[in-house]
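What follows is a single structure, written as structure tokens, with notes after it.
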Amino acid sequence: PNRADVGGKYLEANYNSTRAKTLDKLLNGAPIYGICLYGDGATIRKYPLINILGSNPDSPSCMLDVVDCRDHVAKGLKKDAWFIAKKFLPIMREIDPKKMLIHRVTFDGDATDQKAGKLIAEYFPRVTVGIGIEHTVALIFEKFAKIGVINVLILFAKEVGLFVGFVSFFVICQLL
């Protein structure tokens, strides 16, 4: 196949097949375990995105969507609570039209995300909104890293890591 086919119909077929398999796995465990959705905003190479994932014990990580927010942001709009909720709700309706399977929606501790979770819970009354603790922990460690002594230790660890990496590379090159 040529690159247009690979980047077009074959990529689309691969996406559809993979999404169907992962969604099937997520939904198979849903009657027993329920489904937790989680998501977060990200900016990758200046592209504002929102990722939407689902999980349960049968399917620990199922990518449901990556929302491209470039047009929205280009209009001067923000990824506010309503915008986030409007991106989650269609997917929730698709995978749980009877509103019986999705029990939890988890976002980081950001006030906008938490408000989006509350808006979602208005439409899906069984949903409990949770806070993903990893974002909070990362913020705490970021503040600790700015303390003088700890910052020096971090810089030292980076230098040691670079030195060990360089020595390892040099030794491997000698062995080859």
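Computed from a prediction, not measured in an experiment: that's the story for all the values here.
Counting heavy atoms from C-beta on, the side chains of Leu37 and Ile102 come closer than 4.5 Å. Taking 4.5 Å as the limit, every side-chain heavy atom of Asn14 sits out of range of all side-chain heavy atoms of Tyr10. The shortest distance between side-chain heavy atoms of Tyr47 and Val66 does not fall below 4.5 Å. Considering only heavy atoms from C-beta on, Leu64 stays 4.5 Å or farther from Thr22 through its side chain. Counting heavy atoms from C-beta on, the side chains of Val6 and Leu11 never come closer than 4.5 Å.
Heavy atoms only, all atoms of each residue included: Gly130 and Arg104 are closest at CA-NH2, 3.2 Å. Nearest heavy atom pair, residue Ser61 against residue Tyr38, reads OG-OH, 3.6 Å. Nearest approach of Pro48 to Thr43, heavy atoms of both residues: CA-OG1, 4.1 Å. Considering all non-hydrogen atoms of both residues, Leu119 and Tyr123 come closest at O-CD1, 3.3 Å. Counting all heavy atoms, side chain and backbone alike, Ser59 lies closest to Cys62 at OG-CB, 3.7 Å.
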Show the atom names and distances, to 0.1 Å, of all donor-acceptor pairs under 3.5 Å that link a side chain in residues 79-95 to residues at least two apart or in another chain.
residue	atom	partner	partner atom	Å
Lys79	NZ	Leu49	O	3.2
Asp80	OD1	Phe83	N	2.9
Glu94	OE1	Arg19	NH2	3.4
Glu94	OE2	Arg19	NH1	3.1

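Annotation: side chain to side chain donor-acceptor pair (under 3.5 Å) contacts involving residues 64-77, sequence neighbours excluded, comprise Asp68-Arg70.
Other residues, nucleotides and ligands contribute at most 12 non-hydrogen atoms within 6.0 Å of the NZ atom of Lys118.
With sequence neighbours excluded, the residues that form a side chain to side chain contact (heavy atoms under 4.5 Å, CB included) with Ile154 are Ala145, Ile150, Lys158. For Arg126, there are no salt bridge (Lys or Arg N to Asp or Glu O under 4.0 Å) partners at least two apart in sequence or on another chain.
Between the side chain of Asn51 and the main chain of Asp40, a donor-acceptor pair closer than 3.5 Å is present. Gln114 contributes a side-chain N or O that, together with a main-chain N or O of Asp108, makes up a donor-acceptor pair within less than 3.5 Å. Under the 3.5 Å distance criterion, the side-chain polar atoms of Asn56 are matched with a main-chain donor or acceptor of Leu26.
Considering CG of Leu27 and CD1 of Ile35, their distance stands at 5.0 Å, rounded to 0.5 Å. Here the straight-line distance linking atom OG1 of Thr106 with atom CG of Leu53 works out to 11.0 Å at 0.5 Å rounding.
In the hydrophobic clustering (ILVMFWY side chains linked at under 4.5 Å, chained through shared members), Ile32 is joined by Tyr33. Hydrophobic clustering, defined by side-chain heavy atoms of Ile, Leu, Val, Met, Phe, Trp and Tyr closer than 4.5 Å, leaves Val73 isolated from every other such residue.
Under the 4.5 Å side-chain contact rule for hydrophobic residues, Ile44 and Met63 share a cluster. A chain of hydrophobic side-chain contacts below 4.5 Å, direct or via other Ile, Leu, Val, Met, Phe, Trp or Tyr residues, connects Ile140 to Ile147.
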